Every structure is written in structure tokens, then in C-alpha cells.
Amino acid sequence: MEAKLKEYRALRRRKELLDSAKDKIVKSKDKFINFIIPKIFRDMARKEEEVLLMEDEDELDDKSCLIMEESVSEVSEIESLVEDQESWNHCLLKWSIIAVIWLCFYIIFLKLQFGAVYFVVTILIGIYLNTRTGPRRKGEISAYSVFNKNCKSIDGTLKAEQFENEIRFGAGRVRPF
């Protein structure tokens, strides 16, 4: 009986330690985010949430069940706004961490007198990572009209027919479509 009690206490203690460690990680993450993100952005997000919540409360008090469906759609819009704000915070945090790490390595390579090499190599890696070599998404048209259905070109492309019409009739007389 005492062995079971001892095992139970050990499991409970491990669980408490894990919970406290998780809480510390969450608190340190929040502190880091608060340090990275300026106070102005945090205040703007809080004000938007307060205004949206106040609007929702007023609507629920004043309107009937038919309008309740409309408020449900508005709540889903609010949730999407909150998700957008979270994704903005995540993006800002991610890119600031990447910038700090890149800057640290750049300083190290400057000390080793390889700063220019590091800069050029990272720029080339960035260019490679920002180009897509995979297949196009469904419905996406290519910048090269010969690869599109019916040779359809993207907006803003200067075609030979358009150029010829501009030479003959002037730029003001040519219709782009």
C-alpha cells in the first residue's frame, strides 16, 4: 500500500513539475513577445478587441433571434480578425528572430574577415528559397502566355498588337482589352 502511495505522490510531483515548467515557458514566451513587439501594436490590438466586444454586446441586447444569425457571422469575422492579428504577431516574431540570428552570424563572419562572402551567400540562398520550382496551383496563370490556355497573357503585358496600335493610332486611342 505504501509503495502505491509513493508511486502516486511521485507521479503527482512530476505532473506538478511539468505544469510549472510549461507555465514558465509560456510566461517567458509572453515576456519575449512583449519585448519584441512595440507597446503601440499591443495597445492597438487590445483597443480593437474591446471595440469589437462592445459592439457584439450591444447587438445581442437590442436584436431578436433573426439578427442573432447575423451576429454569429460577425463573430466569425471577428475570430478571423483575431487570427489575422495572431498571425501578424507570429510573423513579426519569426522574422525578428531570423534577423537577429542573421545579424549575429554576420558579425561573427565580419570578425573572421568573411563578411562579404557570408552576405553574398545568404542573399543567394534567400533568392533560391523565394523562387518556386514546383507546379502551378490550379487556376493560376503563368507569366509566359505560351504556357497558358488559349495563350492568355497576364494584365500589364505589352503585346505586339498593342504596341503596333499605339504606333499607328497613338497611345490615347488604344483600348487595352
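Given the structure is predicted, the values throughout are model-derived calculations rather than measurements.
- Ring geometry for Trp102 versus Tyr106: interplanar angle under 30°, hence parallel rather than tilted (30 to 60°).
- A chain of hydrophobic side-chain contacts below 4.5 Å, direct or via other Ile, Leu, Val, Met, Phe, Trp or Tyr residues, connects Tyr128 to Phe105.
- Hydrophobic clustering (side-chain heavy atoms under 4.5 Å, transitive across Ile, Leu, Val, Met, Phe, Trp, Tyr) groups Phe119 together with Ile127.
- Within 6.0 Å of the CD atom in Gln113, the count of heavy atoms belonging to other residues, nucleotides or ligands does not exceed 12.
- Transitive grouping of hydrophobic side chains (ILVMFWY, heavy atoms separated by less than 4.5 Å) keeps Val100 and Ile125 in distinct clusters.
- Note that CZ of Arg168 is 4.0 Å distant from CD of Glu164, once rounded to the nearest 0.5 Å.
- Residues Leu17 and Leu11 do not share a hydrophobic cluster, defined by chaining ILVMFWY side chains whose heavy atoms lie under 4.5 Å apart.
- To the nearest 0.5 angstrom, Thr122 atom OG1 is 9.5 Å from Phe109 atom CZ.
- From Leu110, atom CG reaches atom CG of Leu103 across 9.0 Å, with rounding to the nearest 0.5 Å.
- Follow the hydrophobic side-chain contacts under 4.5 Å out from Ile98 and you never reach Leu92; the two are in separate clusters.
- In this structure, Tyr118 and Val121 have side chains that are not in contact, with every pair of non-hydrogen atoms separated by 4.5 Å or more.
- Under 4.0 Å is where a charged nitrogen must lie from a carboxylate oxygen, and between Lys6 and Glu2 no such pair does.
- Of all heavy-atom pairs spanning Ser153 and Lys159, the tightest one is OG-CE, 3.3 Å.
- Note that OG of Ser96 and CD1 of Ile101 are 9.5 Å apart. Values are rounded to the nearest 0.5 Å.
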